[in-house]
Engineer: 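Input: one structure, supplied below.
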Amino acid sequence: MAAKTTVQSFGKLEGRTVNKFTITQGAGIQVSVINYGATVTSIIVPDKTGSPADVVLGFDTLEGYIRSGKHYFGAICGRYANRIANAAFGINGNEYHLSNNDGISCLHGGFKGFDKKYWDAEVLPEENGVRFSYRSLDDEEGFPGNVDISVTYIVAGNELHIKYAATTDKATPINITSHCYFNLSGGYENTILNHQLQLNAGNILEVDEKLIPTGNMKEVRNTTMDFTEVRKIGVSDDLSGEYDNSWVLKNSSGKLEKAVSLIHSETGIKMTVFTTQPSIHFYSGHFLDGNFMDTKKGKVYGKYAGLCLEAQHFPDSPNHPGFPNTILKPGEVYAEKTVYKFSNENIR
Ligand code: BGC
């Protein structure tokens, strides 16, 4: 079936036009993305009856995205997704101090991370996708080096492929992720507590009260963090469903491996996530406060309205020599990939 991408104006950012690109492929999923934050604004998936369900939270206007900035709806997070302790790190004896936008830590790249930037876009008709590019300048939010980043969204049948690439002219930490809030009910259920989740991980990273890794790993077996077998997220009254942790993926080899299954029984929609990255940060959307304008269909996005499954490197890796490396050097190419695959009883 024919592939096509349509382009529509979605507002203006500092004098530049923000477009919405809608990528369709035959009877498969339909994905929309915008220049602001290289954000995913919708993923429309047929449910088990064939009706379209939009499975990510978002807004009808650019203003809606700008005003909800600290929640990163659908956006690309970087230069370093997740937290860097004390907003500081060192490379080769040089100390770097970053913006501390999360208490004393740096979260998702600082006050104005990749999520709040204008990204140039190029439609890729052959590949059925859109490539966004952005140049992050030396010292942006305190990070060293000029970094050229691209994020490519490709729709292949019922799969959304996200490819990340970056190069630098000075050694710098890089960790890029997508911060979509998923709700596979397509917006008719107010929370994700009924969703069933399976994570291909036997350990989480132990963290302190500021959500900074201690350097230790903890086994999930027999704890509320155990999603080795598929199970409901909110299971009982004493387990609220609040999660903001990084699961260490098994078989993490840098190759594309299965990491997550998420299922919503009523719509029959299943999402399977594959990634080259070593961890999944599962955030259950418990900081959403219902205070958002221009939400899709005027929905109230309150606590647990959507959940994020952020494929990424470990938080605070630049301060943990024992964690997988996140320092990109001149001459090297950062390359990661995550695939979100959708299926149901009728489409597999
Ligand atoms: C973080 C949460 C944070 C949220 C902001 C998540 O990725 O882990 O702690 O509050 O992003 O929307």
Side-chain angles (χ1 to χ4, degrees), residues 36-41 56-59 64-87 98-116 141 162 164 173-183 191-192 197 199 201 204-214 225 227 233 240-249 259-260 262 273 275 277-292 295 301-317 323 326 336 338 340:
Y36 180 68
T39 297
V40 173
T41 58
V56 292
L57 307 188
F59 305 93
Y65 284 95
I66 293 172
R67 293 224 188 155
S68 63
K70 70 174 192 244
H71 295 278
Y72 308 89
F73 281 88
I76 291 299
C77 296
R79 189 182 293 197
Y80 200 93
N82 216 306
R83 291 170 174 81
I84 296 185
N86 303 314
L98 308 171
S99 303
N100 59 324
N101 61 323
D102 186 55
I104 58 170
S105 314
C106 179
L107 174 66
H108 296 327
F111 291 107
K112 198 169 175 193
F114 292 179
D115 59 291
K116 295 177 184 64
E141 303 290 326
I162 312 181
Y164 305 98
I174 300 270
N175 188 23
I176 311 178
T177 197
S178 160
H179 205 279
C180 287
Y181 287 85
F182 294 98
N183 183 324
T191 79
I192 45 72
L197 177 67
L199 295 168
I204 55 162
L205 296 180
E206 183 185 73
V207 285
D208 67 14
E209 67 291 344
K210 295 192 205 74
L211 298 179
I212 299 294
T214 62
M225 304 284 170
F227 288 99
I233 291 168
S240 59
E242 245 176 59
Y243 293 97
D244 201 353
N245 296 86
S246 296
W247 272 256
V248 179
L249 293 172
V260 185
L262 183 70
V273 184
T275 190
Q277 306 235 41
S279 90
I280 290 286
H281 190 87
F282 164 32
Y283 163 54
S284 53
H286 44 277
F287 296 125
L288 298 176
D289 57 9
N291 218 349
F292 301 103
T295 59
Y301 294 154
K303 194 169 180 179
Y304 306 129
L307 62 82
C308 302
L309 293 162
E310 306 158 41
Q312 55 185 229
H313 265 258
F314 298 173
D316 200 31
S317 299
F323 284 179
T326 54
E336 299 284 359
T338 299
Y340 295 92

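In this text the structure is predicted, and so the values were computed from the model without any measurement. Start at 1 and go down the list; that is how both ligands and their atoms are numbered.
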Engineer: Nearest non-hydrogen atom to atom 1 (C) of ligand 1 belongs to which of D244, N245, L211?
Structural biologist: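 Comparing heavy atoms across D244, N245, L211, the nearest one to atom 1 (C) of ligand 1 lies in D244.
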Engineer: State the atoms of ligand 1, each with its element, that fall below the 4.0 Å cut-off from a heavy-atom position in H281.
Structural biologist: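 Contacts of ligand 1 toward H281, numbered from 1: 8 (O).
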Engineer: Between H281 and D244, does a side chain to side chain contact (heavy atoms under 4.5 Å, CB included) hold up when you go through it step by step?
Structural biologist: CA-CA 7 Å; H281 190 87; D244 201 353; 2.6 Å; yes
Engineer: What part of H179 sits under 4.0 Å from ligand 1 if we count only heavy atoms: the side chain, the backbone, both or neither?
Structural biologist: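 Near ligand 1, H179 shows its side chain, while the N, CA, C and O stay back.
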Engineer: Of all the atoms in ligand 1, which lie at a distance below 4.0 Å from a heavy atom belonging to E310?
Structural biologist: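 Listed by number with element, the hits are 6 (C), 7 (O).
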Engineer: At what distance is the nearest protein heavy atom to atom 10 (O) of ligand 1, and which residue and atom is it?
Structural biologist: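 Among all protein heavy atoms, the one nearest atom 10 (O) of ligand 1 is F287 CD1, 3.2 Å.
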Engineer: Within the 4.0 Å heavy-atom shell around K70, which atoms of ligand 1 are there?
Structural biologist: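 It comes down to these atoms of ligand 1: 5 (C), 12 (O).
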Engineer: Ring centres under 6.0 Å, that's the criterion: do Y65 and Y36 meet it?
Structural biologist: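 Centroid separation for Y65 and Y36: 6.0 Å or greater.
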Engineer: Nearest 0.5 Å, please: how far is CD in Q277 from OG1 in T326?
Structural biologist: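 Result: 11.0 Å between the selected atoms.
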Engineer: Looking only at the side chains, is there a donor atom on one of Q312 and N82 sitting less than 3.5 Å from an acceptor on the other?
Structural biologist: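 Side-chain D/A pair, Q312 to N82: present.
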Engineer: Of all the non-hydrogen atoms in the protein, which one sits nearest to atom 4 (C) of ligand 1, and at what distance?
Structural biologist: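 Looking only at protein heavy atoms, the one closest to atom 4 (C) of ligand 1 is Y283 CE2, 3.7 Å.
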Engineer: For the residue pair Y340 and F182, is the inter-centroid distance of their aromatic rings smaller than 6.0 Å?
Structural biologist: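 Yes, they do, as the ring centres are separated by less than 6.0 Å.
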Engineer: I'd like to check which ligand 1 atoms, numbered from 1 as shown, lie under 4.0 Å from a non-hydrogen atom of H71.
Structural biologist: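 Once the distances to H71 are compared, the set is 12 (O).
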Engineer: Among Y304, F227, Y283, find the residue that satisfies the ring pair (Phe, Tyr, Trp, His ring centres under 6.0 Å) test when tested with Y243.
Structural biologist: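 Single pass found, and it is F227.
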Engineer: Below 6.0 angstrom between ring centroids: does that apply to H71 and F292?
Structural biologist: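 They qualify: ring centres under 6.0 Å apart.
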Engineer: Using a 4.0 Å heavy-atom cut-off, say whether R83 meets ligand 1 through its side chain, its backbone, both or neither.
Structural biologist: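 It is the side chain that touches ligand 1; the backbone stays farther off.
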Engineer: Hey, is Y181 touching ligand 1 through its side chain, its backbone, both or neither, going by heavy atoms under 4.0 Å?
Structural biologist: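 Only the side chain of Y181 comes within reach of ligand 1.
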